Every structure is written in C-alpha cells, then in structure tokens.
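Let me begin by presenting the structure, written as structure tokens, before commenting on it.
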Amino acid sequence: MKALVTGANGFLGSYIVRALLDQGYEVTGMTRTSDEQLERWGVRQVHGDIRNAASVREACDGQDVVFHAAAISGIWGPWKLYHGVNTIGTKNVVEACREHQVPKLVYTSSPSVTFDGEHQLNENESAPYAKKWLCHYPHSKALAEKYVLEANQPGELLTCALRPHLIWGPGDRHLVPRLIERAKAKKLRRVGDGTNRVDTIYVTNAADAHVQAAEALSEDSPVGGSAYFISQDDPVNCWGWINDILAMVGLPRVRRSISFYWAYRLGAALEAAYEIAGKESEPRMTRFLAAQLAKSHYCDVGRAKADFGFSPRVSNSEGMKLLEKSLR
C-alpha cells in the first residue's frame with residue numbers, strides 16, 4: 001500500500017509517517033523543504049506548497065491513501081493565509097485525489113470547528129459547526145472539513161475527517177514549548193476559575209487513529225463521509241495539567257489569574273488595536289484564547305470506538321512520563 005502524508009515533517013504528520021512505516025506502508029511525504037528525519041526513514045519526499053495545485057497533484061499520483069495533515073494553526077494572522085493553506089490547500093488535495101483516482105482520503109480536522117466560545121460538555125459529532133468564529137483557524141478548518149466530507153463518493157473517493165484535541169507528546173514544537181516559554185517570561189496567567197476540564201490526545205494515539213480510520217474506510221462501513229472526535233477519552237483539569245507540565249522543567253505553578261470576563265474583553269481590545277495598527281505579531285490575549293483557557297471542552301469518542309476501533313493505547317499517566325523524559 002502506498003500512502004501520502006501531507007505535512008509529513010510536522011508534529012502529527014511525522015508520527016503518522018512512523019505509524020504507517022511500522023505497518024509496512026510505502027510512504028511519500030509532502031513537505032515544503034527537505035527533511036533529514038524523513039530521509040533517514042527512507043521516505044520519498046515531494047516538495048511544494050499545499051496551495052500549489054500542481055505540487056499537490058504530483059504528490060498524490062499513484063497513491064492508495066492520502067493523509068492530509070498539512071495546515072497552518074494559530075490564533076492570529078490574515079484570513080488570506082488561513083483560507084489559502086487550510087481551505088484552498090485542502091480543496092487541492094481533494095481534486096488531486098479525484099484526478100489520480102486515489103480511493104481514500106483521511107483529513108486532519110480540529111474540534112474547534114464546533115467551538116463558539118461556550119462550554120462543550122461531552123459533545124458528540126451531532127454538534128453543528130460554530131455559528132460565530134473567534135479566529136480564522138477554526139473557520140478555515142470547518143470550510144475544509146465540510147468540503148472533504150461532501151467529496152465522499154463510494155466507488156470514486158472515500159473520505160473521513162478526524163478531530164484530534166490538543167495534541168501533545170515528545171517532539172511537540174508548539175503547545176508545550178509555548179507554555180514553558182510564557183511561564184519562564186512570567187506571562188502566563190490562569191484564565192477563569194481553574195475548574196475547566198479539557199480533552200487532550202497523546203500524539204501516538206492520534207497517529208494510530210488516522211491509520212485505523214483509513215483501514216476501516218470502505219464502501220460498506222459508516223466511516224466514509226463522517227467526522228470523528230478523538231482524544232484520550234480522559235478529560236483533564238486544564239490548569240492542573242498545565243501546572244504538571246511546568247513542574248517537569250522546574251517551573252512554579254501558575255498563581256496569577258484573570259477572570260474570563262476581563263480576559264475576553266482584553267482579547268477583543270487587543271485584536272482591534274492590532275488590526276488597526278496592522279501588526280503581524282500575535283496579541284498576548286485574544287477572544288479565542290480566553291475561551292479555550294477558561295471554558296470546558298471535552299467530547300465523546302464513542303463513535304470512533306464503534307466505527308473503527310479507536311482506543312488510546314498510551315494513557316495520560318504513561319504519556320506524561322514520556323513527555324517528562326523528553327523534556328529533561
């Protein structure tokens with residue numbers, strides 16, 4: 001079986017590549033530049049921007065399954081960038097799969113496509129897309145996910161979308177390093193009352209889910225045309241989890257706090273000021289960040305368990321030990 005992974009040198013993408021290689025797949029990675037780790041693993045590389053349809057067509061040629069993990073994440077930046085990479089880039093992947101008659105496509109979406117700033121308590125896939133968007137990332141991902149799921153056509157192209165929540169583990173270059181960096185700079189404050197619970201997913205479990213979903217994609221399975229929340233299936237206290245990570249590197253607990261009310265309004269004010277000034281740097285607080293840090297957001301993964309046998313094989317406690325080892 002030949003598999004293409006877009007964003008193959010990214011955090012999740014590299015773990016999907018490793019999981020596929022362990023299963024005996026012949027893997028091609030689409031990246032913007034050459035990657036030494038992929039080269040050591042014997043992965044064929046195709047270089048190009050996901051926004052370039054010709055590059056995407058080259059990468060998809062001859063594949064049996066495509067894992068589309070390439071994306072730009074974040075809470076600030078121009079709509080043109082997020083829409084171009086996350087939405088138009090995804091459309092390029094879908095069209096390339098159709099052109100080259102690739103039978104399967106697994107898309108890495110985000111649980112934020114249903115997040116509108118309010119608590120999400122054991123939400124399932126029946127939840128609609130958000131009606132208001134607090135930043136461009138979830139909006140662009142929702143448009144892309146919708147396009148992928150509507151492209152599902154038995155006999156031509158089978159598609160599904162996975163929504164991994166707060167991916168973490170060794171090799172993370174964004175979430176955990178950013179928390180540590182802000183804590184060291186004394187810029188990290190608890191938002192809200194500290195009781196909110198959130199879903200997370202250890203990166204190996206997220207990669208496993210992608211491979212399981214791909215192998216379950218068939219014309220007689222419910223996976224085609226479906227979206228799935230995936231997580232540790234064990235929500236954590238957001239700020240307790242953050243404090244545990246800080247303790248791994250000898251940093252003190254987060255003691256300063258700000259209410260959600262004031263954090264949200266500060267975020268709105270900073271967004272307006274940055275927009276007027278044309279600043280490209282990210283504000284210290286935004287409305288989306290305030291809501292993510294103060295509200296509970298965890299989901300039911302029962303559908304993924306039932307449809308393609310998803311089950312996190314690395315527990316929270318085991319994953320935290322592996323993370324601590326990597327940080328030290």
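Just so it is clear, the structure is predicted and the values come from calculations on it, not from any experiment.
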query = How long is the gap from CG on Asp49 to CZ on Arg32, to the nearest 0.5 Å?
reply = 6.5 Å
key: Joint hydrophobic cluster, Leu166 plus Ile201, side-chain heavy atoms closer than 4.5 Å   = no
query = Is there a side-chain contact between Glu39 and Ser34 (heavy atoms, below 4.5 Å)?
reply = yes
ask   = Can you check whether Val17 reaches Trp41 side chain to side chain, under 4.5 Å on heavy atoms?
value = yes
ask   = How far apart are the closest heavy atoms of Val211 and Ala19, and which atoms are they?
value = CG2-CB, 4.0 Å
key: Heavy-atom check, side chain of Trp168 versus side chain of Val203, under 4.5 Å   = no
Pairing of Glu95 and Arg57 as salt bridge, 4.0 angstrom limit = no
task = For the pair Asn243 (side chain) and Arg253 (backbone), establish whether a donor and an acceptor sit closer than 3.5 Å, ignoring hydrogens and angles.
result = no
ask   = Can Glu324 and Arg328 be counted as an ion pair, charged N to O under 4.0 angstrom?
value = yes
query = Hey, does Ile245 have a side-chain heavy atom less than 4.5 Å from the side chain of Met320?
reply = yes
remark   = Checking Val93, Thr90, Val65 against Leu105 for side chain to side chain contact (heavy atoms under 4.5 Å, CB included), the one that qualifies is Val93
request  = Answer yes or no: is there an ion pair linking Arg98 with Glu156, defined by an N-O contact shorter than 4.0 Å?
outcome  = no
key: Val198-Ile230 co-clustered via ILVMFWY side chain contacts under 4.5 Å   = no
key: Heavy atoms from other residues, nucleotides or ligands near CH2 of Trp79 exceed 12 (cutoff 6.0 Å)   = yes
request  = May I have the step-by-step check of salt bridge (Lys or Arg N to Asp or Glu O under 4.0 Å) for Arg163 and Glu145, ending in yes or no?
outcome  = CA-CA 10 Å; Arg163 301 168 174 174; Glu145 180 188 281; 2.7 Å; yes
key: Aromatic ring proximity, centroids under 6.0 angstrom, Tyr228 and Phe308   = yes
inquiry  = Evaluate Thr108 against Leu12 for side-chain contact (heavy atoms from CB on, under 4.5 Å), listing each step before the verdict.
reply    = CA-CA 9 Å; Thr108 306; Leu12 174 61; 3.7 Å; yes
message = Quiz question: by atom type and distance under 3.5 Å, do the side chains of Ser73 and His174 form a donor-acceptor pair?
response = no
task = Could you tell me which residues satisfy side chain to side chain contact (heavy atoms under 4.5 Å, CB included) with Tyr261, sequence neighbours excluded, listed by chain and number?
result = Ser259, Arg265
task = Group every Ile, Leu, Val, Met, Phe, Trp and Tyr by side-chain heavy-atom contacts under 4.5 Å, then state whether Ile72 and Val113 land in the same group.
result = no
Lys295 to Phe260, cation-pi by 6.0 Å centre distance and 45° axis angle = yes
side-chain hydrogen bond (donor to acceptor under 3.5 Å, both in side chains) evaluation trace for Ser296 with Gln120 = CA-CA 6 Å; Ser296 289; Gln120 294 178 310; over 6 Å; no
ask   = Mind checking whether Ile258 and Leu270 sit in one hydrophobic cluster, side chains of I, L, V, M, F, W, Y counted as touching below 4.5 Å?
value = yes
ask   = Taking side chain as C-beta onward, heavy atoms only, is Tyr137 less than 4.5 Å from Ser112?
value = yes
inquiry  = Strictly distance-based, threshold 3.5 Å: is any side-chain N or O of Ser221 a donor or acceptor partner for the main-chain N or O of Ala216?
reply    = yes
Exam field: side chain Trp76 to backbone Ser281, donor-acceptor pair closer than 3.5 Å = yes
request  = Kindly say whether the aromatic ring centers of Tyr82 and His139 come within a distance under 6.0 Å.
outcome  = no
task = Using a 4.5 Å cut-off on heavy atoms from C-beta on, say whether the side chain of Val27 contacts that of Arg44.
result = no
message = Within this structure, what is the CD-CZ distance for the pair Gln292 and Arg287, rounded to the nearest 0.5 Å?
response = 13.0 Å
ask   = Just wondering, do Phe229 and Pro164 contact through their side chains at under 4.5 Å, heavy atoms?
value = no
query = Distance-only, no hydrogens or angles: does the Arg256 side chain make a donor-acceptor pair with backbone N or O of Lys186 under 3.5 Å?
reply = yes
query = Is there a donor-acceptor contact under 3.5 Å linking the side chains of Arg189 and Ser257?
reply = no
query = Is the count of non-hydrogen atoms from other residues, nucleotides or ligands lying under 6.0 Å from Glu318 atom CD greater than 12?
reply = yes
query = Is the side chain of Asp64 donor-acceptor paired with the backbone N or O of Ala3 at a distance under 3.5 Å, no angle test?
reply = no
query = More than 12 non-hydrogen atoms from neighbouring residues, nucleotides or ligands closer than 6.0 Å to CD on Glu99, yes or no?
reply = yes
inquiry  = Quick one: does any side-chain atom of Asn124 pair with a main-chain N or O of Val301 as donor and acceptor, under 3.5 Å?
reply    = no
message = Tell me which one of Leu143, Leu157, Val94 satisfies side chain to side chain contact (heavy atoms under 4.5 Å, CB included) with Val148.
response = Val94
inquiry  = Please determine whether the number of non-hydrogen atoms from other residues, nucleotides or ligands lying under 6.0 Å from atom CD of Gln37 exceeds 12.
reply    = yes
task = Report the C-alpha distance between Ile50 and Thr6 in whole Å, list the side-chain angles of each, state the deciding distance to 0.1 Å, and finish with yes or no for side-chain contact (heavy atoms from CB on, under 4.5 Å).
result = CA-CA 8 Å; Ile50 203 74; Thr6 69; 4.1 Å; yes
Residues Leu4, Cys60; criterion side-chain contact (heavy atoms from CB on, under 4.5 Å); working and verdict = CA-CA 7 Å; Leu4 168 69; Cys60 289; 3.7 Å; yes
query = Looking only at atom types and distance, does a side-chain atom of Gln45 sit under 3.5 Å from a main-chain N or O of Asp35, one as donor and one as acceptor?
reply = yes
ask   = Should Ile167 and Leu322 be counted in the same cluster of Ile, Leu, Val, Met, Phe, Trp and Tyr side chains packed under 4.5 Å apart?
value = no
task = Taking all heavy atoms of Gln63 and all of Lys2, pick out the closest pair and write down the distance.
result = OE1-C, 3.4 Å
request  = For the pair Tyr298 and Asn122, evaluate side-chain contact (heavy atoms from CB on, under 4.5 Å) and give the outcome as yes or no after the intermediate values.
outcome  = CA-CA 5 Å; Tyr298 55 92; Asn122 209 36; 4.0 Å; yes
key: With Gln232, the side chain to side chain donor-acceptor pair (under 3.5 Å) member among Thr200, Asp199, Asn205   = Asn205
message = Ring of Tyr274, cation from Lys279 - is the NZ or CZ under 6.0 Å from the centre and inside 45° of the axis?
response = yes
Closest non-hydrogen atom pair between Gly192 and Arg190, with its separation = O-NE, 3.1 Å
key: Ser326 side, atom OG; Met248 side, atom CE - distance, nearest 0.5 Å   = 8.0 Å
key: Main-chain N/O of Val106 paired with His210 side-chain donor or acceptor, under 3.5 Å   = no
task = Measure across Arg303 and Glu125 and return the closest heavy-atom pair with its distance rounded to 0.1 Å.
result = NH1-CB, 3.3 Å
task = Taking only Lys NZ, Arg NE, NH1 and NH2, and the carboxylate oxygens of Asp or Glu, determine whether Asp208 and Arg313 approach each other closer than 4.0 Å.
result = yes
query = Roughly how far apart are Leu134 CG and Tyr264 OH, rounded to 0.5 Å?
reply = 5.0 Å
message = What's the separation between atom NE2 in His165 and atom CG in Asp233, rounded to the nearest 0.5 Å?
response = 13.0 Å
key: Side-chain (Asn152) to main-chain (Thr159) donor-acceptor, under 3.5 angstrom   = yes
Heavy-atom donor-acceptor pair, Asn196 side chain to Asn237 backbone, under 3.5 Å = no
query = Is Ser110 close to Phe115 at the side-chain level, that is, under 4.5 Å between some pair of heavy atoms?
reply = no
